[in-house]
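Remember, predicted model here, so these are calculated numbers, not experimental data. Note on naming: letters A, B, ... go to the chains in the order of the sequence lines (proteins, then strands), and numbering restarts at 1 for each one.
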Amino acid sequence: MAFDIGKIREDFPILSRRLNGKQVAYLDNAATTQKPSAVLDAMRNYYENRNANVHRGGNALAEEATEIYENARKRVARFIGAAASEIVFTRNATEALNIAARFCTGQLGAKCVLLTEMEHHSNIVNWQLALASCLQSPMGILHKQNASDIERSSMLKATQWQLAAKAAGARIGYVKMRSYGKLCNEDVEKKLSAQQGAFSFTHASNVLGAVNDADSLCRLAKKAGALSVVDGAQTAPHMKIDVHGMGCDFFAFSAHKMLGPTGVGVLYVKKELADKLEPVFGGGGAIESVALSGSTFAAAPQKFEPGTQDVAGAVGLSAAMDYLESAGMDAIEKHVSSLHKACLEGLKETGGVHVYGNGNRTGIVSFNVGRLHAHDISQIASDDGIMLRAGHHCAQPLMKAIGAIATVRASFYIYNTDEEANRLAASVKRAKKVLS
Amino acid sequence: MNEDMYRENILDHYKKPHHRGKMALPSCSGHAINPFCGDDITFYLRMGGKKGVEKVEDASFEGQACAICTASASMLTDEVKGKNAAAARTIGKERVLALLGISPGPTRLKCALLPLKAFKLALYSHLGKMMGEKEKREIEEADEGTAAGQAAGEEAGK
């Protein structure tokens, strides 16, 4: 199928919306993407005609729903080059990363964890909490009846994991980042050699857009005997992913950043690990048998999905993947890269714009305009109908590393156009005029 | 909707803020940040008068902030200067929005009220009193998440 932008745009009802009398230019795709009718229709059709509880009961409708749900799992597996039994549905990438962190620091025994300076908060705080909870957490003190106020307030001030870590010799290290947003490989090797239990990194920064070489990073982790956990939230929407080729142990991403619904994410768990790991959460549908004295679990991936799952969400994600692959992942990457280029050219012409990183593969352009505040730029763009993101993008350590308190971020996807990139440049020009 | 956010009075105060800069020998200061956008305001006051009938003799601010926040801080220095403490204490959200002449959405409300928070922290530190619960809520209403964000900021800084 040829990549027909006009036809693609017709598939997204929200793109015809007007705000302030201006046609909406949606350039906040790294935060979440819009949904094509095909996804919405698939979800509606599921609820209207197929809905039943999966993996339970022998009724015909439940069997049909189960098949649909498991087909969605197979679809997801195909999309990232995994086996269906390695796909665990979660609520989002954040939850997937939290579960991965619990697995690593708990059952898999990683007490020393290596992260990077470029992580989203969802791949920092998860590790802090996971380490705290598996290491005789001092969090208990907060709930202790007889804790003194001083004890309480000092507990609240220090992050829990730091206290726990001190007590147990656990630590979290951070790999340095180069200014254009890639990791320093020598630093990775050096820090991995210090007996890390797990190495977790983002496949692409949500602020700088640059894509890390996940294959070689996973290889380095393996060589050092560390588990590898990859945050793929910004790459799964944009490029072909092959988790087996990558060699990672865990890979996490969200449906809503790739045309799918909110509320569904995926955690890929490598088969050898999936088979031996016990679930973090327990409940119905995830067990083989339950007795008062204990339970045995179902096989992977069911054992990791207790309770009624978001079946319609999985159906929506499956439809989104159909949509993306029918447009062609290579064609999407090419389209996004050309928008990225157009955006940079437009901004360059505006003058006084500083761009951070290089997101030519993920369509991310983070920038600041002179000394003007990021919020003012995004507000004025919003008045012009252009939806951007301004702030620290939930990546404060990264912001510190690049020396910016906030940036403006434009992020492009399948349905964006050169005209929208030009509108952005014109709006930045207007902002400069209004504010100085 | 937001077309009039950058109205003339706001832009005037933003481009030429009143009483910007740390004053010599302030009686007290208050610092407030919004880690979500990086707005960072310190408010300085020079107080006069006897205990119980204190008066704001001078006010100034410094910091990095967006246009709305900067304008709000600038207007607030004009507003509190010369007021006695009892009157200055009663300045709240409504008054700040009236000065700005806008009704911002929840995100920009934080920007608009940050200087008020810094001012009140300064005033109360001088009076040696705690901010009233209701008063705090009104400022913090726009400040939800900021406390958590501050904690995250501190954590990230370590």
Side-chain angles (χ1 to χ4, degrees), chain A residues 18-22 115 117 119-122 124-125 127-129 132 155-163 165 172 174 368 371-385 389-401 403-408 430-431 433-436, chain B residues 1-17 20 32-41 63-74 100 102-115 142 145-158:
Chain A
R18 299 182 82 82
L19 281 170
N20 279 333
K22 314 234 168 59
L115 306 176
E117 276 182 344
E119 298 310 309
H120 188 279
H121 293 167
S122 59
I124 299 174
V125 184
W127 293 101
Q128 295 172 339
L129 287 176
M155 285 299 154
L156 283 168
K157 258 192 177 159
T159 56
Q160 287 88 353
W161 86 264
Q162 281 169 318
L163 291 164
I172 298 180
Y174 294 88
N368 270 315
R371 292 177 58 82
L372 299 180
H373 198 286
H375 258 187
D376 290 323
I377 304 291
S378 82
Q379 175 88 59
I380 285 173
S382 176
D383 295 344
D384 289 338
R389 167 93 185 256
H392 59 51
H393 315 292
C394 300
Q396 286 175 341
L398 179 147
M399 298 302 284
K400 208 174 166 191
I405 293 165
T407 70
V408 190
R430 188 173 82 82
K433 211 168 136 194
V434 170
L435 296 168
S436 45
Chain B
M1 173 178 64
N2 290 318
E3 195 55 57
D4 60 349
M5 190 79 91
Y6 296 94
R7 48 206 299 165
E8 217 176 317
N9 66 328
I10 288 179
L11 288 174
D12 284 348
H13 277 271
Y14 167 61
K15 289 174 188 171
K16 288 181 187 149
R20 185 171 207 160
I33 61 168
N34 179 350
F36 285 95
C37 60
D39 284 356
D40 181 319
I41 295 285
Q64 275 189 330
C66 66
I68 307 298
C69 186
T70 305
S72 170
S74 168
L100 287 164
I102 54 172
S103 39
T107 314
R108 299 319 291 274
L109 191 59
K110 286 186 174 67
C111 311
L113 295 187
L114 195 72
T146 303
Q150 258 165 8
E154 281 168 17
E155 175 189 300
K158 279 175 189 164

Quiz item: What distance separates A/His375 NE2 from B/Ile68 CD1, expressed to the nearest 0.5 Å?
Solution: 11.0 Å
Quiz item: Measuring from A/Ile405:CD1 to B/Gln64:CD, what's the distance to the nearest 0.5 Å?
Solution: 4.0 Å
Quiz prompt | Set of side chain to side chain contact (heavy atoms under 4.5 Å, CB included) partners for B/Ala67, sequence neighbours left out | solution = A/Asp376, A/Leu435, B/Tyr6, B/Tyr14
Self-check item: Winner by heavy-atom pair count (cut-off under 4.5 Å) against chain B, out of A/Ser436, A/Ala404, A/Cys394
Solution: A/Ser436
Quiz item: Residues two or more places apart in sequence or in another chain: which of them pass side-chain hydrogen bond (donor to acceptor under 3.5 Å, both in side chains) with A/Thr407?
Solution: A/Ser366, A/His393
Quiz item: Checking heavy atoms, do the side chain of B/Cys111, its backbone, both or neither come under 4.5 Å from chain A?
Solution: side chain
Quiz item: Looking only at heavy atoms, what is the nearest atom pair of B/Lys15 and A/Val434, with distance?
Solution: NZ-O, 3.1 Å
